Amino acid sequence: MELASKVLKGDVGAAARLIRCIEDELPEAAGELEKIYPHTGKASIVGVAGAPGAGKSTLIDSLVSIFRKQGMTVGVVAVDPTSPFTGGAILGDRIRMQQHNTDKGVFIRSLATRGWKGGLAKATVNAVHVMDAMGKDIIFVEAVGSGQAEVDVAKVADTALLVLTPGMGDEIQMLKAGILEAADIFVINKADREGTDNLKRALEVMIDMKAGAPTEWKPAIVLTEAVYGKGAEELVEQINKHREFLTSSGELEKRRKIRAELELAWAVESAAMNYVERMEKGYLERLVADLAQRKMNPHSAAQEIINRCVKF
Ligand SMILES: Nc1nc2c(ncn2[C@@H]2O[C@H](COP(=O)(O)OP(=O)(O)OP(=O)(O)O)[C@@H](O)[C@H]2O)c(=O)[nH]1
Ligand SMILES: [Mg+2]
């Protein structure tokens, strides 16, 4: 049996293998993803972004336990930018979430980013599709933030959490507006530490400043102490509340359309690039050399590729 059919039956080994294919950008992945796509779109996707060490994994671990008690099946995709600084993070995540290892209702996978051509968000979306197709009810996406990663995770998720820690009170103004705007729920983790009140106040001011119409979602702030399991119940309440807002307001539909549009753009791009790679040897290199020497511009080069695609 092919991977896709096994994944649809919830086969853990097949799902792990397909995610590995996605990670390695193997051409086989595309065909399998095509088959599972009609069966996706059912899971709730919760993005968890934040600086290294903010407590994302510890927090997800608590959330997984609570959602499991509510009878939901859970998937976790931990995106790990492979860098010398966070080399140990994958192992850390595994250890931190170990208590769920023997639970068949939980599927956890780390994606190591290694300079993907397709980009972080694309591989993440595809890994989420796999877990969605397996029948997981809720899927967490953990991403270590370097600014753009946080925004990317927000694009992937229905509900975007941003995990902050005390001591950032003064720095909040310095965070990129895009990062703050992308969050539906702000989590102040390590709330046992000094500076929690300052950070909370800074966030409240910022949220009030950009307050929209009463019908819009007002980002929530939840204080947690993930290592002690404190605040996790309230966070689950907020996640569920945001979920209800998404469905009742029509926002879920909107976000899913934005994601579908993004996926379409990726697909067009990779279809064109696949075509280019199958063209006569050296064609792409020649175009690139012409661009570098300004004999050609990127727009005309793309147009030329499209024209050849159409004739093909
Ligand atoms: N004091 C305190 N420490 C915490 C709290 N939550 C997590 N930690 C600790 O913070 C450290 C980092 O936690 P992780 O859950 O690995 O953080 P992370 O954001 O997943 O880290 P990366 O995946 O490496 O980015 C661990 O040593 C935790 O025990 C908290 O509420 N209070
Ligand atoms: Mg982590």
Side-chain angles (χ1 to χ4, degrees), residues 19 23 45-67 74-101 106-114 120-121 123-124 127-128 131 138-154 156-157 159-169 171-172 175 179 182-183 185-200 203 221-236 238-239:
I19 290 176
E23 204 174 32
I45 305 161
V46 178
V48 183
K56 300 175 294 295
S57 300
T58 317
L59 204 59
I60 292 172
D61 188 56
S62 306
L63 297 176
V64 170
S65 300
I66 298 172
F67 280 108
V74 186
V76 181
V77 181
V79 182
D80 180 64
T82 310
S83 81
F85 306 108
T86 57
I90 290 187
L91 187 61
D93 285 340
R94 292 256 164 86
I95 291 166
R96 230 148 266 141
M97 299 185 200
Q98 217 166 32
Q99 57 158 320
H100 305 293
N101 268 0
V106 181
F107 184 67
I108 300 172
R109 271 286 166 275
S110 295
L111 286 183
T113 66
R114 32 187 180 231
L120 175 101
T124 308
V128 167
M131 295 193 183
I138 183 160
I139 299 164
F140 293 97
V141 178
E142 174 183 338
V144 178
S146 59
Q148 193 51 45
E150 280 140 337
V151 179
D152 283 348
V153 163
V156 168
T159 299
L161 270 54
L162 182 60
V163 184
L164 302 166
T165 49
M168 295 185 70
E171 292 152 39
I172 203 82
L175 282 177
I179 297 170
I185 300 172
F186 291 99
V187 182
I188 304 180
N189 188 42
K190 308 196 185 183
D192 50 317
R193 295 202 178 154
E194 214 173 303
T196 300
D197 291 342
N198 275 349
L199 176 57
K200 185 163 181 265
L203 282 174
I221 303 172
V222 181
L223 270 53
T224 60
E225 293 173 33
V227 264
Y228 311 113
K230 277 196 202 166
E233 299 276 352
E234 198 202 329
L235 185 53
V236 168
Q238 286 297 339
I239 292 171

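Positions are given from 1, in the same order as the sequence printed here. In each ligand, atom 1 is the first atom listed, and ligand 1 is the first ligand listed. These numbers come from a predicted model, not from an experiment.
Those atoms of ligand 1 with a heavy atom of Glu225 less than 4.0 angstrom away are 31 (O).
Taking backbone and side-chain atoms together, Ser57 has an N/O/S atom less than 2.8 Å away from the Mg ion (ligand 2).
Taking CG of Asp61 as the reference point, atom NZ of Lys56 lies at 14.0 Å (rounded to 0.5 Å).
Under a 4.0 angstrom heavy-atom cut-off, Gly53 registers as being in contact with ligand 1.
Not counting sequence neighbours, Lys190 has no partner by the salt bridge (Lys or Arg N to Asp or Glu O under 4.0 Å) test. Thr196 pairs by the side-chain contact (heavy atoms from CB on, under 4.5 Å) definition with Pro166, Ile188, Ala191, Leu223, not counting sequence neighbours.
Remark: among candidates Glu142, Lys190, Lys230, the nearest residue to atom 8 (N) of ligand 1 is Lys190, based on non-hydrogen atoms.
Its N, O or S atom nearest to the Mg ion (ligand 2) is what matters here, and for Glu142 that atom is OE2.
Checking only distances, Gly55 does come within under 3.5 Å of ligand 1, N or O to N or O. At a 3.5 angstrom cut-off on N or O pairs, Asp192 counts as close to ligand 1.
In this structure, the side chain of Asn189 engages the main chain of Ala226 through a donor-acceptor pair within 3.5 Å.
By the 4.5 Å heavy-atom criterion applied to side chains, Leu63 and Val74 are not counted as neighbours. Residues Met131 and Ile19 meet the side-chain proximity criterion, which asks for heavy atoms closer than 4.5 Å.
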